[in-house]
2 protein chains.
Amino acid sequence: MDALREFREISLGSRLNRMSDVMMKETQKVYTYYGIDFDPYLFPAFKIISLKNKTTNTEIRELLNVSQPAITQTLHKLLKKELININSDEIDKRKKIISLSDKGEKLLIKMIPIWNVIHETVEKLTTFPSENLVGHLSQLEDAFSEKSMSERVISNMKSSEHSEITIISFDEKYTEDFYNLNIEWLETFFYVESHDKVVLSNAKSYIIDKGGHIFFAKDGEHIVGTVALIKIEDGIFELSKMAVSPAFRGKKIGQKLMQHCISFSKEQNYTKLILYSNRKLENAIYIYEKYGFKEIPMEKDSPYERSNIKMELPLDS
Amino acid sequence: MDALREFREISLGSRLNRMSDVMMKETQKVYTYYGIDFDPYLFPAFKIISLKNKTTNTEIRELLNVSQPAITQTLHKLLKKELININSDEIDKRKKIISLSDKGEKLLIKMIPIWNVIHETVEKLTTFPSENLVGHLSQLEDAFSEKSMSERVISNMKSSEHSEITIISFDEKYTEDFYNLNIEWLETFFYVESHDKVVLSNAKSYIIDKGGHIFFAKDGEHIVGTVALIKIEDGIFELSKMAVSPAFRGKKIGQKLMQHCISFSKEQNYTKLILYSNRKLENAIYIYEKYGFKEIPMEKDSPYERSNIKMELPLDS
DNA sequence: TATATTTACATAAGTACTTATATAAACAAC
DNA sequence: GTTGTTTATATAAGTACTTATGTAAATATA
């Protein structure tokens, strides 16, 4: 017997509140299980700060539609946990500029895969056709009483840890994934130009039809990474458009894609791979070197504005 | 821009909380508009007390799945508003017996039609096919931002006040309404015997097929009241099974049903209507007298245990 | 029958929000 | 260029929950 269920729409407010409490508490259990000092209610603000890089109290408030003191309080708690930096704006001294601290960045990396699994878990439990909202709520409650949300998330985490990443070839149905992964990567490290959008949304005509290749890293049903081999001339290809989903970074997916490109190129008897990168991406360049790429001089009229290093890998073996 | 919407399932907990807050606040506005001193968060406990007649702290807790101190606190607030009585149980002195006070009963009568409209309003806004829970939530949010929940409820209240009650004849599709309305009535004023359930769930064979009639009061699409004329002998019928939905009491629906029965019987040239009632139902007896019924002696072997008064209305006119 | 355990409810303190209000800087108006 | 208004954030107090714990009666156990 559950009165809030019986009352249906008339007690929806109380029921949403109860459901919210359950989800918050269960998410807390997941963080505790993974030894993460973070509270679920901090998530929306923290997530926005990580996405925006630099933001303000007011901007967060507008995005979340909650009261301004709620944001001030949340920011103070994030500051106490040393997850953010709060600095006064030089120009407008009323404003406080909020950004992730180093500790915050590190915690973010740890939490992203957990958030990803939470998202997938809840998505799976709430995605089914229903004629009304209370029906959806009831099914979610039933699912959680059968096996709690935290248990579900933790067991899904375990299977996602063991899941194999497979590399597959281009298919038009993945055009959107190719676009999203690359745009996300560009937004994170550089800025997106309109030319990027044109190329990325027409991958087939710009890359495949010109003799190039695109590969995807697939985790279960999810496309989590991509890379392209763009044909420069016969036997010479540019390794480009490598991007990995933020939620899956740290799983060596980039290295798997790289290894696949090299093996593939050798099979095809290609003679050389080249790539353009930027010295600020130290980790990436370290990986390139690990796979045998060597720095060569940049041409004066480099095709990429954001690149300041060119590397090559001869494939004579 | 609404970040909680963009984050979808990952921020579902925070979003449910925000939605809950909105609904609670909007419901508060409705109560304030109608000059009712009541808080939305008190609803679940108050509703249970009104349904159960007598209950306890623990029983409410079990029905609502919240913490026990939450119930204790809610009950104290209801007591402070003088809406309930709290008495110690004579047998088990740990227990407190909770029941509605007279003031509570009066407030209940005022709130029932409002609850009814809130239910209908929210039901209408949340009943549509959707593939996932967040889709339902988004649509509800969109609806509320277009026109707030309180505004919707208040304008629906106004149109429901003006809505006409129509009387219709029996149709098998209303068998369940006939059953529910009568059972609710019996539970409120007497107790339900298994024989009642048999008769009420087989209205057609027990009443219609034996030459009787059943009428329903209809408000829009809702069946809100019923009455039966049971054939005793040619031209003599017993007026019985009159019941009105709690949400619609005070709208003279009983009187409309009564008037319809009398007009119908005259049209059919019936000679007499009789009825059995109980002296404790003072209001009902007052109405019967108003429509011309006069008390006559009960037969020794009365067909109803719960009746202690018999009345008749000659229809010679 | 004395003692331990369980049950029913109350109290205390904490939490994550809320509204109302304060403070100080920026901007607008005359 | 002073003054009033707006904007950005902080503080204070209240609320409706929570967990942890207390108290007293009922029940089980030895």
Side-chain angles (χ1 to χ4, degrees), chain A residues 4 11 13-29 32 38-46 54-81 84 86-98, chain B residues 4 11 13-29 32 38-46 55-62 64-81 84 86-98:
Chain A
L4 293 189
S11 63
S14 299
R15 191 164 173 199
L16 292 173
N17 191 43
R18 188 180 68 180
M19 192 76 225
S20 165
D21 280 353
V22 168
M23 295 192 73
M24 293 297 207
K25 232 165 271 170
E26 289 295 311
T27 308
Q28 184 72 76
K29 279 189 197 169
T32 305
F38 193 76
D39 300 320
Y41 78 94
L42 299 171
F43 169 82
F46 188 76
K54 285 193 188 311
T55 183
T56 62
N57 189 313
T58 303
E59 190 178 26
I60 300 171
R61 200 211 71 76
E62 280 166 357
L63 288 168
L64 292 181
N65 279 310
V66 290
S67 69
Q68 172 264 314
I71 305 301
T72 300
Q73 290 167 33
T74 303
L75 292 176
H76 283 336
K77 274 158 196 161
L78 284 169
L79 188 66
K80 208 174 160 192
K81 285 187 189 291
I84 57 170
I86 302 184
N87 298 301
S88 288
D89 189 314
E90 287 299 307
I91 305 146
D92 184 342
K93 285 175 186 167
R94 295 168 307 175
K95 282 188 187 169
K96 299 280 177 77
I97 306 296
I98 319 290
Chain B
L4 292 190
S11 63
S14 299
R15 190 161 174 205
L16 291 173
N17 191 43
R18 188 180 67 178
M19 192 75 227
S20 164
D21 280 353
V22 169
M23 296 192 73
M24 294 296 208
K25 234 165 269 171
E26 288 295 311
T27 307
Q28 184 73 74
K29 280 189 196 167
T32 305
F38 193 75
D39 300 320
Y41 77 94
L42 298 172
F43 169 81
F46 189 76
T55 183
T56 63
N57 190 311
T58 303
E59 190 179 25
I60 299 171
R61 199 211 72 76
E62 281 166 357
L64 292 181
N65 279 310
V66 290
S67 70
Q68 172 262 313
I71 305 301
T72 300
Q73 290 167 34
T74 304
L75 291 177
H76 283 337
K77 275 159 195 161
L78 285 169
L79 188 65
K80 208 174 160 192
K81 286 187 189 291
I84 56 169
I86 303 184
N87 298 301
S88 290
D89 189 313
E90 286 300 304
I91 304 147
D92 184 340
K93 285 174 186 168
R94 294 169 308 177
K95 282 188 186 170
K96 300 279 176 78
I97 305 298
I98 320 292

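We name chains A, B, ... by the order of the sequence lines, and we start the count at 1 in each one. Heavy-atom basis, side chains included; hydrogens, waters and symmetry copies ignored.
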message = I'd like to know if the side chain of B:Glu62 pairs up with that of B:Thr58 as donor and acceptor (distance under 3.5 Å, no hydrogens or angles considered).
response =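 Checked: B:Glu62/B:Thr58 side chains show no N/O donor-acceptor pair below 3.5 Å.
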request  = Check A:Leu16 against B:Ser20 and note the closest heavy-atom contact, atom names and distance.
outcome  =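 For A:Leu16 and B:Ser20, the tightest heavy-atom pair comes out as CB-CB, 3.8 Å.
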inquiry  = Determine whether A:Asn65 and B:Leu4 satisfy the following criterion, side chain to side chain contact (heavy atoms under 4.5 Å, CB included), listing intermediate values before the conclusion.
reply    = CA-CA 9 Å; A:Asn65 279 310; B:Leu4 292 190; over 6 Å; no
query = Counting any heavy atom closer than 4.0 Å, what does A:Ile98 reach on the DNA or RNA strands: base, sugar-phosphate only, or nothing?
reply =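 The residue A:Ile98 makes no contact with any strand.
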ask   = Within a strict 4.5 Å, meaning less than it, do heavy atoms of the A:Asp39 and A:Lys81 side chains meet?
value =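 Yes. Closest side-chain heavy atoms under 4.5 Å.
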message = Are the side chains of B:Met24 and A:Ser14 in contact, using a 4.5 Å heavy-atom criterion?
response =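 Heavy-atom side-chain distance check passes, below 4.5 Å.
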task = Quantify the bending of the helix from C:dT1-D:dA30 to C:dC30-D:dG1 as the angle between its end axes, each fitted on five pairs, to 10°.
result =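 Computed from the C1' atoms at both ends, the axes differ by 0°.
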Partners meeting ring pair (Phe, Tyr, Trp, His ring centres under 6.0 Å) with B:Phe43 (sequence neighbours left out) =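 Scan of B:Phe43 (ring pair (Phe, Tyr, Trp, His ring centres under 6.0 Å), adjacent residues dropped) gives A:Phe7, B:Trp115.
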key: For A:Tyr41, ring pair (Phe, Tyr, Trp, His ring centres under 6.0 Å) partners two or more places apart   =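 So A:Tyr41 forms no ring pair (Phe, Tyr, Trp, His ring centres under 6.0 Å) with any residue.
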key: Residue of the set A:Thr74, A:Ile71, A:Leu64 for which side-chain contact (heavy atoms from CB on, under 4.5 Å) holds with A:Pro44   =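 Single side-chain contact (heavy atoms from CB on, under 4.5 Å) partner of A:Pro44 among A:Thr74, A:Ile71, A:Leu64: A:Leu64.
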Grab the N/O contacts between the protein and nucleotides 2-4 of chain D below 3.5 Å, and write none if there aren't any.
none

ask   = Okay, side chain of B:Arg61, backbone of B:Val66: is any donor-acceptor separation there less than 3.5 Å?
value =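 Yes, the answer is positive, given that a donor and an acceptor are paired below the 3.5 Å cut-off.
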note = Counting primed atoms, P, OP1 and OP2 as sugar-phosphate and everything else as base, the B/S/- map of nucleotides 8-22 of chain D against protein heavy atoms under 4.0 Å is SBBB----SBBBB--
Contacts of type side-chain contact (heavy atoms from CB on, under 4.5 Å), residue A:Lys96, not counting sequence neighbours =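 A:Ile86, A:Ser88, A:Ile98.
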